[in-house]
Amino acid sequence: MTAVKARFAQLGFDYTRYRFGLRTGIAACLSLIIAWALGLEHPQWSAMTVWAVSQPTRGLLLEKAAYRTLGTLLGTVVGMILVVTAGDSIILLATGLTLWVGLCVYTGNLLHGLISYGAILAGYSASMVALLTRTPDALLPLGIDRLLTVFVGVLTALFVGWLFTYKRAEQSLVNQFRRQSAENLKLLADAYNSGSLKALNSHDRLSKLAHLEAQLVDHGSGSPAAHQSAKTIRRVLNAQLGLFAQLETKGIIKSAVISEHLHSLSNALIKNNSLEIINSLKKALQTFEHASVLPYFKEFVDASLQRLQFRDSGKAAQSVPLLSILLHRDWRGARQAAIRTVSVMTLISMAWAYTEWFQIAYLLLGASVMLTLFSTAENPAKTMVYVFLGQSAGASLALMMQAFVWPHMDSILTMLVSIMPIMLLVGIPLSHNKTTNGSMDFTLVFLLLMQPVLHYQFEPLQAISIAIAVIAAPILSLVSYRLVFPTNLLSRQKQLIGALESDLKELTSRTVSTQQLQRYKARLYHRLFKLYQMADKLGTTAQVTSAQYLLRVQHQVSQHE
């Protein structure tokens with residue numbers, strides 16, 4: 001197996017991604033057959049759902065499937081209500097849909113993890129129903145068909161994914177977290193032994209902690225226990241950040257006693273024996289003689305004991321201070337995403353109402369997806385380039401099959417069978433380092449355009465115009481992302497700094513209670529983690545900025561303690 005992976009790597013392929021692509025392709029083919037057997041009108045939607053839902057770990061798979069189902073259900077109901085309410089009025093339908101999608105993208109940008117995906121999905125699921133309904137009589141059948149095809153896709157993805165996904169894949173983060181904590185304690189012990197922070201390299205320590213923090217969203221997916229596990233880990237990470245920040249602010253003392261106990265604690269973490277870790281934590285706390293840092297070390301000990309209790313029993317103490325794990329919310333970014341989405345969809349809606357060209361409905365559908373689903377990306381405009389290339393390839397292949405293959409098919413089943421080889425081969429571009437970006441978009445657009453009907457006749461003008469309308473959406477979205485509140489990693493960093501400045505200004509100008517300070521500190525620490533995550537990608541200047549804000553935040557927090 002190692003030789004196979006090495007050979008794949010030499011050719012530029014990722015073997016793990018290839019296995020994932022092949023597994024998902026098999027599930028997509030199976031969903032096509034099931035949807036056809038159930039007599040559903042749009043069986044390709046079930047395959048689209050399989051590709052959208054499938055994940056590399058069981059926790060992610062289960063939770064994304066749940067939010068896919070809930071988001072689709074809510075969006076479908078809203079879409080049906082919009083069609084019934086608007087009647088034959090294009091402008092009423094488009095206006096209602098635009099407002100709903102704007103609300104969903106605003107909410108999705110405020111939330112974290114897969115619940116954000118569910119909120120955004122509720123927006124463009126309404127578009128799927130409202131914009132693809134040709135007549136009011138077809139509304140209810142289309143809505144039911146949409147729901148059933150999604151359910152088929154979700155259940156198929158769950159079944160196949162559960163069989164081939166490793167049960168303990170999520171454990172890797174826990175091991176990384178434990179090893180990183182042990183390494184931090186060892187370096188901290190060396191710093192106390194020498195009386196100098198130089199060897200500690202706080203920026204490197206915090207960058208690694210920030211990298212772990214970024215993975216907690218995925219780790220906390222799939223079950224209440226997983227969410228609780230992520231919370232206990234987050235509290236320990238926050239405590240370590242606070243400890244490093246306080247040391248950078250107040251300085252360190254030379255203490256062989258503290259150094260000895262921190263070394264013992266580091267070794268206990270490496271051995272991973274709960275009783276030894278607990279004893280080492282308590283002894284280190286009892287002999288910790290650095291007064292200005294003691295409260296932060298105590299927070300680390302309390303958080304670590306809570307984490308151990310959860311790990312060993314599956315339950316955390318009811319007294320866990322939830323205020324210590326509050327998350328940053330990008331209110332400004334959410335507002336900008338909603339304004340951008342509403343503005344662009346309004347322009348498209350006006351063009352649709354004026355021309356009454358049904359192809360523009362496909363452009364509006366595509367825009368509602370592009371402007372919502374990718375609004376949370378670090379650089380959505382750059383992403384749109386790959387999306388356009390992938391969608392163009394998918395649309396081109398769909399047109400070729402519509403023109404040269406499907407007219408010769410005499411049943412829905414054979415039409416579906418003809419697209420199955422594409423599903424099985426998608427794993428190849430998906431796993432190559434030069435084509436992985438855009439491969440999923442290739443697949444989804446290909447499936448979207450492949451609507452099987454009996455006695456199929458290829459109508460070039462209509463088919464090509466619909467394909468052009470679909471792939472025009474990422475181009476329009478690219479322009480929007482660059483011109484309307486330009487969004488990239490640097491702009492997101494500026495917005496994050498603005499949020500930090502706002503919190504620091506509030507702390508400076510008011511007297512806060514202990515609970516309020518906890519809230520500020522937790523939110524500030526999470527924003528600092530995100531700042532460090534961005535700094536690793538933006539370079540030296542951003543790294544200096546993150547270090548400066550670490551000191552400013554800690555200085556302000558210390559003044560209120």
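Just so it is clear, the model here is predicted, and its values are computed rather than measured.
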Practice item. Please state whether the rings of His290 and Tyr192 are parallel, tilted or perpendicular, taking 30° and 60° as the class boundaries. Key: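 The rings of His290 and Tyr192 stand perpendicular, inter-plane angle above 60°.
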Check your understanding: Checking side chain to side chain contact (heavy atoms under 4.5 Å, CB included) for the pair Leu237/Phe177: CA distance, chi angles, key distance, verdict?
Key -> CA-CA 9 Å; Leu237 293 179; Phe177 160 70; 3.9 Å; yes
Review point. Which residues satisfy the salt bridge (charged side-chain N to carboxylate O under 4.0 Å, His left out) test with Lys530, sequence neighbours excluded?
Key: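 Not a single residue meets the salt bridge (charged side-chain N to carboxylate O under 4.0 Å, His left out) criterion with Lys530.
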**Study point:** For Asp330, salt bridge (charged side-chain N to carboxylate O under 4.0 Å, His left out) partners two or more places apart
**Key:**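 Applying salt bridge (charged side-chain N to carboxylate O under 4.0 Å, His left out) to Asp330 gives none.
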Check your understanding: So which pairs with a foot in residues 240-282 pass ring pair (Phe, Tyr, Trp, His ring centres under 6.0 Å), sequence neighbours left out?
Key ->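 Matches after skipping sequence neighbours: none remain.
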Check your understanding: Short question: side chain of Ser375, backbone of Thr372 - any donor-acceptor pair under 3.5 Å?
Key ->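 Yes, because the side chain of Ser375 sits within donor-acceptor range (under 3.5 Å) of the backbone of Thr372.
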Practice item. Say whether, by atom type as modelled, one donor and one acceptor occur between the side chain of Thr232 and the main chain of Ser229 under 3.5 angstrom. Key: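 Yes, the answer is positive, given that a donor and an acceptor are paired below the 3.5 Å cut-off.
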Point to revise | Reported CG-to-CZ distance for the pair Leu212 and Arg178, which is rounded to 0.5 angstrom | key: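 Those atoms lie 12.5 Å apart.
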Review point. Could you give the distance from NE2 (His112) to OG1 (Thr376), rounded to the nearest 0.5 Å?
Key: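 It is 11.0 Å, given to the nearest 0.5 Å.
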Check your understanding: Has Arg523 got its NZ or CZ under 6.0 Å from the middle of the six-membered ring of Tyr520, at an angle within 45 degrees of the ring axis?
Key ->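 Yes, Arg523 lies over the aromatic ring of Tyr520.
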**Study point:** Full working for ring pair (Phe, Tyr, Trp, His ring centres under 6.0 Å) between Tyr532 and His203
**Key:** CA-CA 8 Å; Tyr532 272 87; His203 181 84; 5.0 Å; yes
Point to revise | Derivation and outcome, side chain to side chain contact (heavy atoms under 4.5 Å, CB included), residues Thr383 and Leu478 | key: CA-CA 8 Å; Thr383 303; Leu478 185 153; over 6 Å; no
Review point. Phe297: what forms a side-chain contact (heavy atoms from CB on, under 4.5 Å) with it, not counting sequence neighbours?
Key: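 With sequence neighbours excluded, Phe297 shows a side-chain contact (heavy atoms from CB on, under 4.5 Å) to Leu243, Leu262, Ala284, Leu285, Phe288, Phe300, Val301, given in chain and number order.
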Point to revise | Residues in side-chain contact (heavy atoms from CB on, under 4.5 Å) contact with Met80, at least two apart in sequence or another chain | key: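 side-chain contact (heavy atoms from CB on, under 4.5 Å) check on Met80 returns Thr76, Val129, Leu139, Leu140.
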Check your understanding: Heavy-atom count around Arg329 CZ within 6.0 Å, excluding the residue itself: above 12?
Key ->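 Above 12, so yes.
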Practice item. May I ask you to check whether over 12 heavy atoms, not counting those of Phe485, lie within 6.0 Å of atom CZ? Key: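 It does: Phe485 CZ has more than 12 such atoms within range.
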Anything under 3.5 Å between a donor and an acceptor, one on a side chain of residues 66-74, the other on a protein residue two or more places apart or in another chain? List them.
unit_1	atom_1	unit_2	atom_2	d
Arg68	NH1	Tyr117	OH	2.8
Thr69	OG1	Ala65	O	2.9
Thr72	OG1	Arg68	O	2.7

Point to revise | Electrostatic pair Arg234-Glu213, nearest N-O below 4.0 angstrom | key: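 Judged by the 4.0 Å cut-off on N to carboxylate O distance, Arg234 and Glu213 do form a salt bridge.
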**Study point:** Step-by-step salt bridge (Lys or Arg N to Asp or Glu O under 4.0 Å) determination, Glu501 to Arg552
**Key:** CA-CA 10 Å; Glu501 289 286 358; Arg552 284 188 59 189; 2.8 Å; yes
Exercise for review: For the residue pair Leu371 and Ser480, establish whether any side-chain heavy-atom pair is separated by less than 4.5 Å.
Suggested key: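 Counting from C-beta outward, Leu371 and Ser480 do come under 4.5 Å.
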